[in-house]
Structures are given as structure tokens and as C-alpha cells.
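Basis for what follows: all heavy atoms, side chains included, without hydrogens, waters or symmetry-related copies. For ligands, and for the atoms within them, numbers begin at 1 and follow the listed sequence.
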Amino acid sequence: MTADNIDNLLHESRRFPPSDAFAAQAVATRDLYTQAGTTPAERQEFWGVQARDLLHWHKPFSRTLDWSNPPFATWFDDGELNVAYNCLDRHVIAGHGDRVALNWEGEPGDSRTFTYAELTAEVKRAANLLTALGIRQGDRVAIYLPLVPEAVIAMLAVARLGAVHTVIFGGFSAESIRDRVNDASAKLVITADGGYRKGRVFPLKPAVDAALAPDADGTSTTVRNVLVVKRGGNDVDWVEGRDLWWDEEIAQVDSEHIAKAFPAENPLFILYTSGTTGKPKGILHTSGGYLTQVAFTHKNVFDLKPEEDVYWSTADVGWITGHSYVVYGPLANGATQVIYEGTPDTPHPGRWWEIVQKHKVSILYAAPTAIRTFMKLGRQIPAEFDLSSLRLLGSVGEPINPEAWVWYRDVIGGGTTPVVDTWWQTETGAIMLSALPGVTTLKPGSAQVPIPGIAIDVVDEGFHSTGADQGGLLVVTEPWPSMLRGIWGDPDRFVETYWSKFGPSTYFAGDGARRDKDGDIWLLGRVDDVMNVSGHRLSTAEIESSLVSHPMVAEAAVVGASDETTGQAVVAFVITRASQADAAAADDAGAILRAHVAAQIGAIARPREVFIVTELPKTRSGKIMRRLLRDVAEGREVGDTTTLADTHVMSVISKTMR
Ligand code: WTA
């Protein structure tokens with residue numbers, strides 16, 4: 001975020017107190033803050049109460065937190081539960097088997113509905129199938145699917161067996177799949193022939209085939225089988241003995257399956273996310289604490305009434321929002337939800353609003369980048385649909401600028417719905433900062449306050465709390481139930497990345513923040529080399545390493561430049577190798593390199609622009625000064641260059657770009 005943005009935010013003074021009508025029916029009350037107390041012991045006690053209230057424990061726990069070896073935490077560790085049982089069977093047993101769990105909309109207009117009883121039966125079958133394929137507690141299963149019901153079913157089936165899923169977003173490349181499958185040593189991959197996107201079938205299985213092909217030196221991955229869901233109807237290659245059609249296999253297994261109890265700290269999933277280095281990190285989450293906090297926040301932040309509400313989070317299950325607020329939170333709470341396979345503008349730009357109207361969606365959880373895109377298209381598009389069922393709106397993924405916030409409330413929410421801006425991360429597992437609807441007076445642009453039971457501070461480099469309206473770093477000062485338990489296979493990197501800046505018991509989030517006079521927190525964007533493009537995390541280092549892997553490139557620097565719609569956009573500065581540069585004209589080189597990054601990492605990482613330059617700005621110690629490149633990319637006057645090794649370099653760069 002730029003200095004201008006911070007300035008604008010300081011002047012944002014609109015306030016939206018809860019209406020009496022909303023407050024009167026709200027799930028969350030101010031009492032929650034009182035119950036959560038003010039000391040670490042009280043907060044732990046509070047989470048213990050929530051864990052017992054919100055979940056079914058096969059074996060009750062007697063301990064809440066063990067923090068004797070920070071930053072390695074355990075929560076509820078002598079308790080046992082089954083995550084899938086909590087999301088499915090218990091609702092059926094409680095008499096809610098006929099309640100709709102999933103209303104799925106396919107992009108081409110097909111749809112499917114699953115009640116809790118039906119979804120439970122499907123997951124039991126899938127669990128039997130995975131068992132037949134040799135999947136046991138602790139085994140890793142990679143899932144690379146479009147947003148079809150089978151994605152949810154597969155995740156829950158893995159969880160039901162106490163195995164560990166790693167979901168890979170369907171937009172990622174073969175190489176990204178291979179890295180993740182290898183890092184996790186996955187035994188099984190669940191994919192589809194293809195899925196629908198922007199009105200066309202995009203193939204998925206070829207990427208899996210390429211990812212699993214033996215190395216040049218003949219080394220194979222650990223994957224034994226590939227289960228293939230039929231969705232796109234596109235032709236696929238077939239590896240006999242390895243590949244199996246999901247529908248054929250599932251038809252042969254029983255729909256009875258007894259969920260076994262697993263320890264609260266049994267790993268539930270690994271989700272890879274970008275960090276400051278070139279290699280994505282496998283963020284590890286476990287069962288009992290994770291499910292407690294996702295269920296708690298889903299219920300209280302979204303004001304969920306499971307009997308009445310229709311909830312829709314537009315996230316894909318390939319991201320953490322899809323894990324916590326499409327699969328685990330809503331299903332643990334017995335919610336009825338909508339999931340949608342495709343893009344918001346297919347086949348027409350009102351598709352989302354048509355879905356809201358069709359299913360009478362009452363709670364919508366979306367990303368600022370989508371809201372800004374709709375703003376640009378204009379209010380006449382949502383105006384064609386009946387959106388009166390909406391009573392609560394949520395935002396996640398990046399800071400939401402006050403104008404977008406107010407537009408969201410006015411145009412989508414009919415000028416009355418609360419909008420909750422929720423701050424959290426793959427690593428935090430669940431929402432950490434948010435208003436509570438019906439309780440908090442809302443401030444557009446601010447993520448506001450820690451949810452009950454969470455301890456957050458904004459500090460300076462010396463670890464002192466910053467004063468009102470001073471910028472600082474966001475830290476979590478006490479462990480929380482849904483916190484990451486580690487980076488898969490790399491405890492040192494876990495400690496180093498998150499728990500070393502301010503000592504082993506303070507979590508450093510990597511976000512800049514400011515607290516205002518009322519104590520509300522405003523997020524100011526990442527302070528590290530992580531970019532946020534359309535709410536998706538990308539690492540500058542990862543894209544740079546992809547660029548330099550191309551024979552044409554000698555050196556590359558990538559920055560996130562602010563972008564009206566996507567928040568940030570990837571802008572690359574590249575020095576080509578002399579011999580190669582002659583071969584490709586600069587225009588071509590840009591296009592070739594953009595395509596190269598898209599093929600290597602995925603389309604979301606494709607740079608918006610690639611500038612071919614002859615120099616990069618570096619400090620005397622050789623560190624690239626991205627700040628200066630960002631100035632260039634955003635068309636600003638270049639800032640202070642005095643620490644550059646060669647102070648002329650910026651004028652050279654600016655000239656080549658003109
Ligand atoms: C950013 C997504 C401001 C932030 C759930 C964080 C936000 C990163 C917000 C995590 C928000 C997420 N306001 N910034 N409401 N929500 N972020 O892991 O920089 O994909 O560190 O998790 O997104 O992204 P991740």
C-alpha cells in the first residue's frame with residue numbers, strides 16, 4: 001500500500017453502528033469478549049469451552065494448551081475426535097439429515113444438491129474407496145480438482161481416515177504439482193479430466209500426468225494411484241494400473257463406514273503458500289484446535305443461523321478460505337451453502353447475482369478484488385437481480401478500500417447489511433481480526449478488532465506497542481487454537497520465518513498495520529517480499545527464480561505494483577543475456593517470459609508487464625532495491641537513491657522504459 005493510501009485511510013471517518021434489529025437477533029454478543037477474559041489462562045479456558053460446545057469429542061480432552069516448548073504448540077492434545085464425523089454424521093444423528101449441505105452450481109448451468117444425509121453417504125463411500133487404495137492414518141493425498149462436489153467429498157474422506165490432504169489449486173502448473181506432491185510424499189492424487197472455466201473445458205489431468213512422469217534420471221514420485229473424476233468430458237491419456245475413474249470405483253464400495261477417533265493433534269492438511277523465498281511452504285494444520293476456531297468464527301463472525309441461512313463463500317477449495325470457510329467451518333456448523341465452479345462473468349457478468357437470487361443467499365463472503373471488478377462494471381448489473389435475501393457480507397484476502405466497502409454495502413447489501421472485513425492467513429487457519437456483526441460499530445477499511453480469545457498487537461521494530469495512528473508490525477502475542485503447527489518437513493524454517501523476529505512465543509505475521517485511537521486495526525499490506533494479487537499470495541522470489549530459469553534471462557527483479565482491480569500486479573524487470581537478446585526483439589521477449597512464468601507456476605503468477613532493462617538498482621551489499629522499481633512501475637517519481645551502489649542506475653532504467 002502506498003503512502004497516499006495510508007493517508008486516505010487516516011481520513012476515513014464513516015461509521016456504521018449495528019441496527020437495533022440486527023443486534024436483537026445477532027448470534028454474537030458483547031458477552032463473548034467478557035467470557036474470553038483478559039489473561040492467557042482465561043483465553044485458554046474460553047477456547048476449552050468453545051471446543052466442548054461446538055464439537056463432538058469421541059474422547060474428551062482434559063488439557064487445553066501445551067506451550068511448554070514454544071513455538072511448538074498443542075491444543076486439547078489428550079482429546080480424540082473425527083473431523084469428518086463432526087462435519088457430517090453428527091448432524092444426521094441430530095435429525096438434520098434432510099437439510100441441504102451443498103447447493104452446487106456448475107459453470108455451464110448444471111447443478112447438484114446434497115443433503116447432509118447424502119453428503120455423509122458419499123463421504124463414507126469415498127472413505128471406503130481410499131481405504132481400498134491403501135490410504136491410512138497419516139498418509140498424504142493430493143487433490144487437484146475444479147470446484148465440484150467431489151472436491152469437498154474427497155477432502156472429507158481423507159479427513160475421515162485421519163489421513164492428510166494437500167489441495168493444489170486447479171490453476172497451478174505441472175511443475176507446481178510435482179513440487180508439492182514430492183514435498184508431501186503423496187501416495188494418491190485425486191484429479192479430474194478437466195473442469196469448466198470461462199465457458200470452456202480446461203484440462204487438468206495432463207498437468208498431473210506431466211507432474212508424475214519420471215525424472216530425466218528415472219526417479220518416480222511416491223504416487224501409486226490417480227483417481228480421476230469425470231467432469232470436463234475431454235479426452236485423457238491413461239496409465240494402466242495407476243489411473244482409476246472415480247465413478248467406476250466408487251460404485252463398487254459400500255456406503256457404510258464407521259468414523260474412528262483420532263488425536264486432536266492428528267494432522268488434517270498441508271496447504272502450500274508463498275513465502276519470501278523461492279519455494280512454497282507446506283503449512284501444516286491439525287484437527288481439534290483448527291476445527292474449534294473455524295467453527296467458532298464461522299458462527300459468530302457470519303452470524304450463522306444454520307436452520308435459516310444460505311451461506312456462500314466464493315473461494316476455491318485450493319485456498320485456505322476454501323478449507324476453513326467452504327469445507328470445515330460451514331459443515332461443522334451444519335450450514336446450508338452454495339458452491340460455484342466457474343468465473344463470476346460466465347456466461348454473463350451478473351452470474352454471481354443470479355446465483356444469489358436463485359438460492360436466496362443470505363451470507364456472502366468474497367474478496368475485494370471481485371468487488372472492485374463489479375464496481376467497475378457498474379451497479380446496473382446487480383440491480384437486475386433480487387438481492388434482498390442478503391443480510392450479511394464478508395470480505396477477505398487483502399485490505400478492502402473504503403470506497404469498495406461502502407459500494408459493497410450499498411449496492412449488494414441494499415444499504416443495510418453489515419460488512420465484516422476479516423483478516424487472517426493460511427498460517428492462522430481461521431479469522432483473527434474482524435468486527436462481530438450486531439456488536440461492533442463498523443469502520444470501512446479497517447479489519448477492526450481481535451476476535452474473542454485472540455491476542456494481537458501492533459509493534460515497532462523494538463517490540464514496543466505503537467501509539468495511536470502509528471504504523472507498525474502485526475504480531476500475535478499468544479498461541480491460538482487454529483495456528484499452524486509447522487512447515488511440513490522443515491521445523492527450522494518454521495521457527496525462522498514466524499517466531500524469530502520477536503522471540504519464540506510471538507508470531508510475526510508479515511503484515512504492516514496501524515491501530516487508531518479507538519484501538520481498531522487497519523492493515524497496510526505486506527512488509528516482506530510477498531505480493532497480493534487478487535487476494536492470492538505470490539512470492540517475488542518464486543517468480544524471479546522462474547524468470548531466471550529461462551535461457552534468455554540473466555537477472556530478474558519482480559515487484560508488486562499497486563493495481564486498481566487486483567490490489568497488486570506482478571511487474572518484472574529483466575536483464576537479458578546479450579546473445580539471446582539479439583535473437584528476440586524486446587516486445588517478443590516480454591510475451592515469451594510472461595508465458596514462461598504462467599507455464600511454470602500458473603496463470604495467476606503471469607507478470608502484468610515485463611520490462612527489459614540493462615541494469616537493476618542494488619545496494620552496496622548487492623540487495624535489489626525493489627522500492628525504487630515499484631516507484632517506476634507505479635509511474636512515480638523515484639525515491640531516495642543514496643544507498644545505491646551506482647546512483648545513476650535509476651535514470652538508466654527510467655530512460656529505457658520511456
Ligand atoms: C492479506 C487469506 C488486509 C494479508 C485468508 C495476509 C488481508 C495475507 C486481509 C494472507 C484483510 C488477508 N485485510 N489484508 N482482511 N485478509 N490479507 O494466506 O497480507 O492467502 O498476510 O490467507 O493476505 O493471505 P492468505
Side-chain angles (χ1 to χ4, degrees), residues 1 5-6 9 167 169 171-172 269-276 280-285 290 293-294 297-298 301 313-326 328-329 365-372 393-402 404-405 408 419-435 442-451 456 458 473-476 482-484 487 497-498 507-514 520-540 560 562 566-568 604-605:
M1 204 175 254
N5 292 131
I6 298 176
L9 290 181
V167 183
F169 173 60
F172 279 127
F269 65 85
I270 304 167
L271 185 58
Y272 287 84
T273 189
S274 295
T276 52
K281 306 172 280 199
I283 303 299
L284 175 68
H285 283 286
Y290 172 80
Q293 195 174 330
V294 296
T297 48
H298 182 259
V301 172
S313 159
T314 61
D316 187 274
V317 290
W319 310 112
I320 190 67
T321 307
H323 284 61
S324 302
Y325 299 106
V326 174
Y328 294 111
Y365 192 30
T369 181
I371 297 155
R372 288 193 296 265
L393 302 173
S395 172
V396 63
E398 56 176 314
I400 179 165
N401 48 308
W405 192 105
Y408 195 23
V419 175
V420 287
D421 177 10
T422 61
W423 176 87
W424 58 294
Q425 309 175 300
T426 305
E427 292 86 343
T428 69
I431 295 170
M432 302 292 277
L433 290 175
S434 174
L442 303 170
K443 284 184 189 173
S446 169
Q448 303 210 281
V449 288
I451 61 154
I456 279 179
V458 179
L473 302 169
L474 192 79
V475 291
V476 189
S482 65
M483 65 194 272
L484 76 167
I487 294 177
T497 310
Y498 305 107
Y507 173 83
F508 170 60
D511 276 302
R514 168 175 75 79
D520 287 314
I521 295 175
W522 302 68
L523 274 303
L524 302 174
R526 300 286 305 189
V527 295
D528 52 15
D529 294 331
V530 173
M531 296 172 288
N532 191 322
V533 179
S534 298
H536 299 143
R537 273 165 71 168
L538 295 170
S539 126
T540 52
S562 57
T566 59
Q568 285 187 312
I604 48 164

Students often mix this up, so state it plainly: with edges at 30° and 60°, are the rings of Phe269 and His323 parallel, tilted or perpendicular?
tilted

Given 3.5 Å as the limit, does a donor-acceptor pair link the side chain of Glu427 with the main chain of Leu484, or not?
no

Between Thr426 and Tyr272, does any side-chain donor sit less than 3.5 Å from a side-chain acceptor?
no

Consider only side-chain N and O atoms of Tyr325 and Thr422, and report whether a donor and an acceptor are under 3.5 Å apart.
no

Are any side-chain N or O atoms of Thr540 and backbone N or O atoms of Asp529, one a donor and one an acceptor, separated by less than 3.5 Å?
yes

Report yes or no: does Thr428 contribute a side-chain atom to a donor-acceptor pair with the main-chain N or O of Met483 at less than 3.5 Å?
no

Give me the pairs of N or O atoms, one from ligand 1 and one from the protein, that sit under 3.5 Å apart.
{"residue": "ligand 1", "atom": "13 (N)", "partner": "Glu398", "partner atom": "O", "Å": "3.4"}
{"residue": "ligand 1", "atom": "14 (N)", "partner": "Pro399", "partner atom": "N", "Å": "3.4"}
{"residue": "ligand 1", "atom": "15 (N)", "partner": "Asp421", "partner atom": "OD1", "Å": "2.7"}
{"residue": "ligand 1", "atom": "15 (N)", "partner": "Thr422", "partner atom": "O", "Å": "2.7"}
{"residue": "ligand 1", "atom": "16 (N)", "partner": "Gly397", "partner atom": "N", "Å": "3.1"}
{"residue": "ligand 1", "atom": "17 (N)", "partner": "Gly397", "partner atom": "O", "Å": "3.2"}
{"residue": "ligand 1", "atom": "18 (O)", "partner": "Thr426", "partner atom": "N", "Å": "2.8"}
{"residue": "ligand 1", "atom": "18 (O)", "partner": "Thr426", "partner atom": "OG1", "Å": "2.5"}
{"residue": "ligand 1", "atom": "18 (O)", "partner": "Arg537", "partner atom": "NH1", "Å": "2.7"}
{"residue": "ligand 1", "atom": "19 (O)", "partner": "Asp511", "partner atom": "OD1", "Å": "2.6"}
{"residue": "ligand 1", "atom": "19 (O)", "partner": "Asp511", "partner atom": "OD2", "Å": "3.3"}
{"residue": "ligand 1", "atom": "21 (O)", "partner": "Gln425", "partner atom": "NE2", "Å": "2.9"}
{"residue": "ligand 1", "atom": "21 (O)", "partner": "Asp511", "partner atom": "OD2", "Å": "2.5"}
{"residue": "ligand 1", "atom": "21 (O)", "partner": "Arg526", "partner atom": "NH1", "Å": "2.7"}
{"residue": "ligand 1", "atom": "22 (O)", "partner": "Thr426", "partner atom": "N", "Å": "3.4"}
{"residue": "ligand 1", "atom": "23 (O)", "partner": "Gly397", "partner atom": "O", "Å": "3.2"}
{"residue": "ligand 1", "atom": "23 (O)", "partner": "Asn532", "partner atom": "ND2", "Å": "3.4"}

